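These notes concern the structure reproduced below.
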Amino acid sequence: MYDYLIYSRLKKAGVAQKTFHIPGHKDRGEFKKLFPVSALDVTELPYSDNLHNPDEVIAAAQRDIAEILGAGASFITTDGSSSGVYAMLYAAAQRGNKIIVLRNSHQSVWTGCRLLGLEPLIVQGEEVEGILTFPDLGVIEGLIAADTKIAGVLVTSPDYYGNIAPLEQLSAITKNYNRLLLVDEAHGAHLAFGDKKGYAGLYADAWVDGAHKTLPTLTQGAILNVNNSEIYSFIEEGINMFRTTSPSYPIMASVEYGVKYLANNPAKVQTARLAVETFVKECEGNLPVVVKDDWTKLLIDFKPLGISAETALNLLEKKGTYAELCDGRYILFYLSPMVDLNELRDLKKKLIPITENKKLAGTFKDKPAIPSADRSYSFLYALKKPCELVDLEDAVGRMCAKNAGVNPPCIPVIVAGEMISVAAVKTLMAAKHTFGMHEGKVFVVKK
């Protein structure tokens with residue numbers, strides 16, 4: 001059994017501490033009543049260690065985490081997965097000035113490339129039933145073989161919809177050409193437990209786990225892991241550059257707790273997974289449930305039901321049930337090892353009346369396909385050029401100056417350097433929520 005080192009230390013020391021240090025709430029008054037965790041919310045003190053240069057309780061906790069996750073080293077971060085993505089890209093930038101990324105990469109990937117001067121080479125798979133699939137491995141290998149300036153590949157796995165990348169094959173390709181395989185596993189921290197199928201730690205040189213997304217961990221808690229000793233110093237340097245200098249100790253303690261809780265309770269993952277499998281079977285003939293490679297991503301497909309997914313989501317929210325996202329076709333329910341069968345059955349009870357409501361029949365409208373783009377200029381080139389805002393209708397044929405896309409699931413429809421197509425404009429105009437735009441206008445490079 002693993003002990004919860006950071007939490008235990010904070011809990012013990014917090015009883016008698018004198019608050020002549022930050023934070024400003026001082027664990028007093030109404031704040032203490034409203035936020036009972038305030039006694040644990042400390043800064044770098046003699047008993048609490050220092051995340052940027054740990055040599056005591058935090059160092060021990062990180063060693064335990066690395067042992068559990070099968071990593072050469074693990075770094076806790078209280079900034080979510082983004083700082084870990086930046087650190088991986090920083091390590092990649094020491095190897096080359098280009099990196100292969102997926103169209104559905106998180107915003108932190110694009111931001112990191114911009115900050116570090118890395119040219120992202122975009123690969124995009126086919127769209128099947130409204131969901132992007134993984135790109136052809138031959139395309140990725142061809143790019144790597146033809147350009148020694150490509151530092152490696154950064155993939156998102158699992159993606160928002162639960163698709164897991166072919167990491168074993170990717171690892172074989174990157175190792176053959178002495179390139180890096182980096183994995184944004186923000187949505188897959190739970191894959192380190194159970195059968196480990198699809199777990200990035202088995203194949204990646206470095207990977208980041210968003211512990212707060214699928215482990216019992218506070219929001220913003222994440223872990224950056226490294227298995228390649230050649231990039232260890234750059235990973236460590238990078239994470240210390242991008243991680244906050246004022247980390248939250250409660251979040252830090254909860255990261256350690258989340259990992260160790262599942263390590264101490266290995267049956268928890270299997271029990272939750274069986275609950276999901278039971279739920280899916282019970283829905284046969286009633287609900288069109290889709291589960292991809294990752295069992296924690298539960299999709300309800302409203303296209304065969306002929307019902308507006310947005311309307312269904314609004315009705316669910318009125319019943320007090322909130323989903324992760326609705327993309328116009330699917331409603332995605334985000335699960336974790338903490339889920340149980342009773343709450344899944346309660347979800348079904350709320351969904352069935354909606355799907356059987358005859359007034360909603362025929363309200364479904366299919367979303368436009370995510371278009372593939374004509375990349376005429378580089379990402380970095382476009383970002384450096386003077387830009388202007390234009391109406392979407394007037395943007396066709398112009399060069400995109402800033403990424404713009406659909407939110408959710410935060411996939412760029414157009415990336416800086418790409419020429420804006422009619423299909424891209426239609427996709428953005430049809431979206432209920434977008435990013436990278438301003439009052440219905442998009443940024444383009446000035447003529």
Side-chain angles (χ1 to χ4, degrees), residues 103-104 106-107 124-133 156 158-163 187 213-214 276 279-336 339 343-371 392 404-413 423-437 440:
R103 166 71 58 177
N104 61 348
H106 185 262
Q107 186 62 32
Q124 180 173 333
E126 296 294 322
E127 188 171 349
V128 178
E129 296 297 332
I131 300 173
L132 283 178
T133 59
T156 302
D159 65 15
Y160 242 123
Y161 294 93
N163 293 302
H187 302 276
K213 294 182 183 294
T214 56
V276 175
F279 172 78
V280 172
K281 289 180 181 178
E282 291 179 355
C283 288
E284 289 179 0
N286 293 306
L287 288 172
V289 179
V290 178
V291 178
K292 297 291 186 178
D293 306 317
D294 178 8
W295 62 272
T296 67
K297 313 299 184 289
L298 191 70
L299 302 163
I300 306 296
D301 186 357
F302 280 81
K303 184 173 183 176
L305 294 170
I307 293 173
S308 164
E310 291 90 350
T311 301
L313 181 66
N314 290 335
L315 292 172
L316 273 178
E317 290 177 351
K318 288 180 180 179
K319 297 180 179 182
T321 296
Y322 294 85
E324 176 68 18
L325 69 82
C326 171
D327 69 358
R329 174 170 176 174
Y330 297 96
I331 295 182
L332 167 60
F333 299 93
Y334 216 95
L335 311 180
S336 84
V339 74
E343 62 182 325
L344 289 173
R345 284 173 171 163
D346 181 65
L347 173 63
K348 182 183 177 183
K349 287 180 181 178
K350 292 178 179 179
L351 279 168
I352 292 298
I354 295 173
T355 62
E356 293 180 346
N357 187 337
K358 294 182 179 179
K359 293 181 180 179
L360 300 179
T363 57
F364 178 83
K365 292 182 180 179
D366 212 351
K367 61 176 184 174
I370 297 172
L392 269 175
V406 179
N407 181 22
C410 299
I411 295 174
V413 173
V425 168
K426 287 182 177 179
T427 299
L428 291 170
M429 291 183 71
K432 187 175 181 180
H433 299 290
T434 60
F435 65 89
M437 298 176 60

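Heavy-atom basis, side chains included; hydrogens, waters and symmetry copies ignored. Quick caveat: nothing in here was measured; it's all calculated off a predicted structure.
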Given K348 and I352, is the side-chain contact (heavy atoms from CB on, under 4.5 Å) satisfied, shown in steps?
-> CA-CA 6 Å; K348 182 183 177 183; I352 292 298; 3.9 Å; yes
Would you please name every residue forming a salt bridge (charged side-chain N to carboxylate O under 4.0 Å, His left out) with E356, sequence neighbours left out?
-> none
Are K303 and E129 ion-paired here, with the side-chain N under 4.0 Å from a carboxylate O?
-> no
side-chain contact (heavy atoms from CB on, under 4.5 Å) evaluation trace for I331 with C326 | CA-CA 4 Å; I331 295 182; C326 171; 4.2 Å; yes
Sequence neighbours excluded, which residues qualify as salt bridge (charged side-chain N to carboxylate O under 4.0 Å, His left out) partners of K365?
-> none
What is the ring orientation for H187 with Y160, classed by angle as parallel under 30°, tilted 30 to 60°, or perpendicular over 60°?
-> tilted
Does NZ or CZ of K297 lie under 6.0 Å from the centre of the six-membered ring of F333, at an angle within 45° of the ring axis?
-> no
Residues L344 and F279: closest non-hydrogen pair is O-CE1, 3.1 Å
Nearest heavy-atom contact between T363 and S308 is OG1-N, 2.8 Å
What closest approach, in Å, do L132 and D159 show between heavy atoms, and which atom pair accounts for it?
-> O-OD2, 4.2 Å
What pair of heavy atoms forms the shortest contact from Y330 to L299, and how long is it?
-> CD2-CB, 4.0 Å
Side chains of T434 and N407: closer than 4.5 Å at any heavy-atom pair?
-> no
